[in-house]
Amino acid sequence: MNSELALSALVALVVVLGLVVLAGQVVRRLGLAPGLAAAGRRGSGAPPRRLALLESLPIDPRRRLLLLRCDGRELLVLTGGPQDLLLSATPGAGAGAAAEPR
């Protein structure tokens, strides 16, 4: 009796997981979750991303230093304090100019 119960539970689990995967495919195809649809098509002719997190460095438990790229510009941002600070904005590698060290 125990093995029958385990087998029926396993079959039910497989059926439920199959339904979840099927529902995810339907949601993507209908465009009801734009973030999921874009992530799935990123390599197939989708427009390039305008915003990217290049690096992240924790300074202390609250503050973090972020290097972002937005529309070809690289931005150095300090977050987590009383207010977020833009420390530097330089042209990115795609803009054809390199930042000079100070």
Side-chain angles (χ1 to χ4, degrees):
M1 185 72 177
N2 240 354
S3 63
E4 291 175 3
L5 182 61
L7 182 62
S8 65
L10 183 63
V11 169
L13 178 64
V14 169
V15 168
V16 168
L17 290 176
L19 289 173
V20 168
V21 169
L22 181 64
Q25 293 296 323
V26 168
V27 166
R28 282 185 179 181
R29 291 189 195 264
L30 292 178
L32 299 175
L36 291 176
R41 293 186 314 230
R42 183 59 53 201
S44 61
R49 296 187 77 130
R50 295 180 56 207
L51 181 65
L53 174 64
L54 301 178
E55 289 189 43
S56 174
L57 178 69
I59 303 297
D60 58 34
R62 289 191 58 204
R63 295 182 301 159
R64 183 171 293 272
L65 195 58
L66 305 174
L67 180 60
L68 305 170
R69 179 174 294 138
C70 180
D71 292 336
R73 294 184 66 189
E74 290 185 357
L75 308 168
L76 189 61
V77 179
L78 180 65
T79 64
Q83 66 184 28
D84 297 336
L85 299 172
L86 176 64
L87 300 177
S88 172
T90 61
E100 295 275 333
R102 295 181 186 215

Candidate pair Ser56 and Leu65, rule side-chain contact (heavy atoms from CB on, under 4.5 Å), full reasoning = CA-CA 6 Å; Ser56 174; Leu65 195 58; over 6 Å; no
Could you tabulate the donor-acceptor pairs under 3.5 Å formed by side-chain atoms of residues 77-84, not counting sequence neighbours?
| unit_1 | atom_1 | unit_2 | atom_2 | d |
| --- | --- | --- | --- | --- |
| Thr79 | OG1 | Arg64 | O | 3.3 |
| Asp84 | OD1 | Gly80 | N | 3.4 |

Kindly compute the distance separating [atom1] ([X]) from [atom2] ([Y]), expressed to the nearest 0.5 Å.
{"X": "Leu76", "Y": "Leu68", "atom1": "CG", "atom2": "CG", "result": "8.5 Å"}
{"X": "Leu51", "Y": "Leu75", "atom1": "CG", "atom2": "CG", "result": "8.5 Å"}
{"X": "Ser88", "Y": "Arg73", "atom1": "OG", "atom2": "CZ", "result": "9.0 Å"}
{"X": "Glu55", "Y": "Glu74", "atom1": "CD", "atom2": "CD", "result": "9.5 Å"}

Output all residues satisfying side chain to side chain contact (heavy atoms under 4.5 Å, CB included) with Asp60, sequence neighbours left out; order by chain, then residue number.
-> Arg62, Arg63
Across all chains, not counting sequence neighbours, the side chain to side chain contact (heavy atoms under 4.5 Å, CB included) partners of Leu19 are Val15
Can you check side-chain contact (heavy atoms from CB on, under 4.5 Å) on Leu53 and Leu66, steps first, answer last?
-> CA-CA 7 Å; Leu53 174 64; Leu66 305 174; 4.0 Å; yes
Co-members of Val21 in a cluster of I, L, V, M, F, W and Y side chains, linked at under 4.5 Å = none
Fellow cluster residues of Leu17, listed by chain then number, with links counted only when side-chain atoms sit under 4.5 Å apart | Leu13
Are Leu7 and Leu5 grouped together when hydrophobic residues (ILVMFWY) are joined by side-chain heavy atoms under 4.5 angstrom apart?
-> no
